[in-house]
Amino acid sequence: MADALPLGATGARAATPSRTWRLDDGARQTLVLAATGDRLPQVVYWGAALPAGTDLATLAAAHAPDVTGGMLDETPELSLCPEAARSFPGQPGLALRAEDGTPLRPRFAYEGEEATDGLALRYRDAAQGLTLTVSLSADPATHILTLRTRLDADSPVRLDWLAAPVLPAPQHAQEMIDFSGRWVGEFQPQRTPWSPGLRLRENRTGRTGHEHFPGLIIPATGTTNTAGEAWAFHYGWSGGHRMIAEELPDGRRQIQWGHAAGTEPGPATRFETAPLYATYSDRGFNGCAIAFQRHVRDRVVPWPDPDRPRPVHYNCWEAVYFDHKLPVLKDIATRAADLGAERFVLDDGWFGRRDDDTSGLGDWQIDRRKWPDGLHPLIDHVHALGMSFGLWFEPEMVNPDSDLYRAHPDWALGAPDQTLGRQQMVLDMARAEVRDHLHAALSAIFRDHAIDYVKWDHNRVLPHPDAAQARGTYALLDRLRADFPGIEIESCASGGGRIDFGILARTHRVWLSDSNDALERLRIQHEAALFLPMAVTGSHVGPRRSHTSGRTLDISMRAWTAAQRHMGFEMDPRELTGHEAQVLRDVTAWWKRNRDWMTAADIHRLDSADPAVIAEQQQARDGARFVVFAGKAATSAQIAPRPLRLTALDPEATYRVELVNRADAPGLSRGMPALKAGPVDLPGTWLMRHGPVLPWSFPETMWVLEGRRL
Ligand code: GLA
């Protein structure tokens with residue numbers, strides 16, 4: 001039948017690429033680019049490492065799809081920046097207008113390459129005076145690819161959309177996983193089936209946001225935490241992003257990332273995307289997760305002193321809120337130090353006239369009503385207890401009821417009658433005088449006080465998104481860090497509203513969530529580990545009865561959940577019973593004994609056979625030791641605990657495994673599984689293929705299992 005169709009000659013030719021490039025990250029992944037003639041190259045392969053001698057031209061020719069009726073005579077390239085001018089059937093990688101608004105449809109041609117660690121390919125549309133530079137590099141230690149696109153124009157142009165280098169998505173994948181979230185409910189994975197057309201996630205809040213974490217994972221069918229293939233992406237930008245995952249009419253799929261559309265409102269001669277971080281894994285989601293974790297910790301975060309152990313925090317927010325009284329805070333500090341805290345953070349309420357959230361933001365002078373002798377008496381007390389001192393700021397914000405707003409109402413972004421968010425407005429960080437003012441105000445506090453830590457908050461969305469705002473914030477952070485290089489900074493935005501690798505290139509910790517409810521935190525931490533290492537992820541022991549959920553949780557569950565990440569306390573220590581204080585002291589001491597290797601460890605998420613159990617295995621880089629946290633988030637359906645299979649062990653080796661908190665087994669655990677009695681020596685194969693059998697336990701409890709290779 002097919003022969004009878006009047007197709008005739010299609011005009012299609014076997015495309016022979018004129019240029020090919022390959023990018024390898026050592027032995028795990030290869031990305032191959034090929035270009036036809038002088039056109040922009042396309043990714044013709046991204047996956048498991050190819051043999052060294054692979055003929056790339058042959059590979060590119062073999063990749064070319066056939067053409068049938070109803071198609072163009074040649075399939076337009078899914079290039080690193082798909083061009084509207086070349087009949088590309090999906091969203092182009094660039095949407096541009098001349099200064100007068102006339103749409104421009106560039107056709108780029110190869111111009112040259114720049115010398116870099118990876119590839120930097122320069123393309124030019126001479127007629128329209130445009131240059132496009134795409135850069136790609138692969139990190140052999142972390143397995144992360146970093147990709148950027150830059151557009152230079154001879155005269156100013158208007159940008160509607162610029163994608164970071166566009167990557168194809170595998171056609172055999174059936175779904176994609178991206179993330180939504182909300183206040184006290186960050187990192188909620190969303191699974192969407194692939195189908196023709198596009199899925200667009202656009203964050204128009206002007207900050208990274210709880211609602212649309214800029215991450216995407218494309219699993220092959222059947223991929224789990226520990227096995228199978230996955231391709232993962234993160235856009236490192238704090239100003240709001242757009243993600244496009246599109247299946248084209250011909251079945252190919254593309255992934256685009258860039259700044260949220262329309263956030264570059266003015267004409268300019270240069271536009272650049274943020275870095276897009278991407279990775280391929282053939283070892284389940286954990287392969288992607290560990291690549292991101294290592295890259296954040298070892299490449300992105302600018303540690304002032306990488307060898308300094310992460311100090312145990314105490315943060316007073318949920319203990320006193322705005323009610324600052326020196327004797328109370330000194331008492332709390334003494335108790336916190338006794339529990340094991342090493343850094344005391346004074347949260348919101350110390351400046352301006354800040355008795356609640358209606359006033360004072362912008363007035364970064366110490367409130368002499370609450371602090372007649374300044375902060376020094378508290379800082380001296382904290383130091384005498386052997387702790388360092390940290391302070392809360394929310395520099396980009398202003399309350400209309402503040403001296404700053406009264407003096408400079410024009411410094412606020414947006415209309416004067418805009419709807420406020422938490423009674424506040426956003427300062428226009430694109431203005432140099434605003435940044436200078438904030439730099440001077442914060443510097444004055446930093447100069448006069450021994451501060452080693454800043455909690456930098458951002459508690460409302462922008463009235464309208466604008467990339468210049470994020471650039472202004474980055475500039476202020478960079479300037480302050482240059483002037484005060486010893487200060488560590490935590491990125492907070494009503495909890496996890498500003499978590500991305502752009503802000504993490506300037507900060508050292510994220511406040512993952514305002515939820516100190518250990519049960520909720522367990523889940524949020526588990527999902528966030530797809531991108532974040534322990535070293536940067538703050539986690540605090542909250543009040544007995546959570547202030548954000550009303551749930552009452554046992555101290556053991558609260559303490560061990562915080563001990564999974566960068567540990568701290570945030571409850572009022574005066575509420576602790578003697579027993580609770582002792583549990584907290586013990587778990588904190590355990591954390592301090594283990595933090596050195598845990599800070600550098602990989603977090604492997606485990607595939608628990610019991611959906612009530614959320615479990616992970618933190619494993620030292622040399623594989624010599626690990627700790628498993630198995631949190632029971634709900635009541636199990638079956639009566640006996642299911643074995644929990646571990647991962648990434650040496651199958652040949654024997655491990656000594658020990659249930660650290662076996663004394664926590666409740667009376668209803670009546671039997672004697674071996675781990676309840678003491679350490680057990682077991683082979684790696686058994687631990688991975690059968691899995692340890694944990695004692696029966698109540699919901700809302702955590703088992704902690706340590707292992708060492710013998
Ligand atoms: C935000 C933060 C909290 C706390 C308050 C202070 O909500 O997420 O941790 O710092 O601001 O106002």
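Counting starts at 1 for both ligands and their atoms, following the listed order.
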Determine, for Arg471 against Asp478, whether the closest basic-nitrogen to carboxylate-oxygen distance falls under 4.0 angstrom.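 Salt bridge: no.
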Any salt bridge linking Arg460 with Asp357? Criterion: basic side-chain nitrogen under 4.0 Å from a carboxylate oxygen.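 No, this pair does not count.
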Could you tell me, atom by atom, which parts of ligand 1 come under 4.0 Å of a heavy atom of [X]?
| X | value |
| --- | --- |
| Lys455 | 3 (C), 4 (C), 9 (O), 10 (O) |
| Gly495 | 8 (O) |
| Asp348 | 6 (C), 12 (O) |
| Asn459 | 1 (C), 7 (O), 11 (O) |
| Cys492 | 2 (C), 8 (O) |

Evaluate the side-chain proximity of Asp500 to Tyr235: yes if any heavy-atom separation is below 4.5 Å, no if none is.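 No - every pair of side-chain heavy atoms lies 4.5 Å or more apart.
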If you apply the rule side chain to side chain contact (heavy atoms under 4.5 Å, CB included), what do you find for Asn399 with Thr358, and how did you get there? CA-CA 7 Å; Asn399 284 119; Thr358 61; 5.7 Å; no
Going through the checks in order, is the side-chain hydrogen bond (donor to acceptor under 3.5 Å, both in side chains) test met by Glu396 and Thr473? CA-CA 8 Å; Glu396 298 139 280; Thr473 299; 2.8 Å; yes
With heavy atoms only and a cut-off of under 4.0 Å, state how His458 meets ligand 1: side chain, backbone, both or neither.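 The answer is neither.
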Of all the non-hydrogen atoms in the protein, which one sits nearest to atom 2 (C) of ligand 1, and at what distance?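 Going by distance alone, atom 2 (C) of ligand 1 is nearest to Asp457 OD2, 3.0 Å.
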Compute the shortest N/O to N/O distance between Arg354 and ligand 1 and return yes if it is under 3.5 Å, no if not.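 Not met; the criterion fails.
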Ring center gap for His540 and Trp511 short of 6.0 angstrom: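 Ring centres of Trp511 and His540 closer than 6.0 Å.
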Trp237 ring center near Tyr474 ring center (under 6.0 Å):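 Yes, the ring centres sit under 6.0 Å apart.
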Closest by any non-hydrogen atom to atom 4 (C) of ligand 1: pick that one out of Asn516, Asp514, Asn315, Asp347.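 Checking each option, the heavy atom nearest atom 4 (C) of ligand 1 is found in Asp347.
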